[in-house]
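Structure record follows, encoded as C-alpha cells.
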Amino acid sequence: AQTVTQSQPEMSVQEAETVTLSCTYDTSESNYYLFWYKQPPSRQMILVIRQEAYKQQNATENRFSVNFQKAAKSFSLKISDSQLGDTAMYFCAFMPPSGTYKYIFGTGTRLKVLA
Amino acid sequence: ETGVTQSPTHLIKTRGQQVTLRCSSQSGHNTVSWYQQALGQGPQFIFQYYREEENGRGNFPPRFSGLQFPNYSSELNVNALELDDSALYLCASSLDRGPISPLHFGNGTRLTVT
C-alpha cells in the first residue's frame, strides 16, 4: 500500500527566511504524481506545487520549490522568503498513475511564520 | 468563476442519525471527490464521482454513500452516525478525473457527532 509520511508535526520560521518541509513516501509504482497542498485557517486546501515522477527536473512555483529524490522516495518543499501568509498546515500528497485518481495525504506539518 | 461551495459549514448530529452534506462543483468541472479529515490528520479519500458515476472508493463502510447530479453537484450521505464520524468533510472538484487536473477544494463541512 502507498503511504506518505511527514515527520515534522510543527515548524516555525522567521519572516523572509527559508524553510524546508520534509515528506517521504512508499510505493512500488515507477510513475506517479506528488503534490504539496496548503491549508490555512480558512480550511480550504490550496495546491502549492506538483511534480510528475517521470520528470527529473524539480518543480518550482515562485517562492516554492521541491527537492524530488526518486530513489530515496523523498519530496521536500522549500519556501523561500517566507511571508506571514504562508502560515498554514502543509500536506504532502501522492497520486498513483492510474485507476482511481485518489490522493493519499500525509498527516501534515503546521508551519508558523514569525514576524 | 465560482469556486467549490459546501453546505452547511457546521453541523451537529446525534449518534445513530443520518446526515447529508452538499457540494457545488466549480463551473465546468465534471469530477467530484470527497475526503474526510479527522482532527490533526490528513484528508482520507472517501469516493469520487465522474459524470454521475462512482469512479472509485476508499476504505469507508457502505453507510457512506454519495450522488452526483447532472449539473455535477454532489451529495455525501452518512447513515447511522458514529462518534468517529466527527470530522471535517472536504469536497473537491476537478476538470477531469486524471492526475493532470488539480483538485479545487471547498472550505469543508465540520460535522460533530455527539
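Proteins get letters first, then strands, A, B, ... in listed order; numbering begins at 1 in each.
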- request: Report the C-alpha separation of B:Val4 and B:Cys91 in whole Å, then their side-chain angles, then the decisive distance to 0.1 Å, and conclude whether the side chain to side chain contact (heavy atoms under 4.5 Å, CB included) test is met.
  value: CA-CA 8 Å; B:Val4 177; B:Cys91 169; 4.1 Å; yes
Which answer fits [X], side chain, backbone, both or neither, if we ask what part of it has an atom under 4.5 Å from a heavy atom of chain A?
X	value
B:Phe47	neither
B:Leu90	side chain
B:Gln6	neither

- prompt: Linking I/L/V/M/F/W/Y whenever any side-chain heavy atoms sit under 4.5 Å apart, do A:Phe91 and A:Leu77 land together?
  reply: no
message: Can you tell whether the side chains of A:Arg63 and A:Asp86 come within less than 4.0 Å, N to carboxylate O?
response: yes
Region of [X] in contact with chain B, defined by heavy-atom distances below 4.5 Å:
X	answer
A:Met45	both
A:Tyr37	side chain
A:Gln6	neither
A:Tyr33	side chain

query: In chain order, what residues pass the ring pair (Phe, Tyr, Trp, His ring centres under 6.0 Å) check against B:Phe64, with sequence neighbours excluded?
result: B:Phe60
- prompt: Do A:Lys73 and A:Asp26 come close enough that some side-chain heavy atom pair is under 4.5 Å?
  reply: yes
Side chain to side chain donor-acceptor pair (under 3.5 Å) between A:Asn67 and A:Gln69, intermediate numbers included: CA-CA 6 Å; A:Asn67 183 5; A:Gln69 303 286 331; 2.7 Å; yes
query: A:Arg110, A:Glu52, A:Arg50: which one forms the most heavy-atom pairs within less than 4.5 Å of chain B?
result: A:Arg50
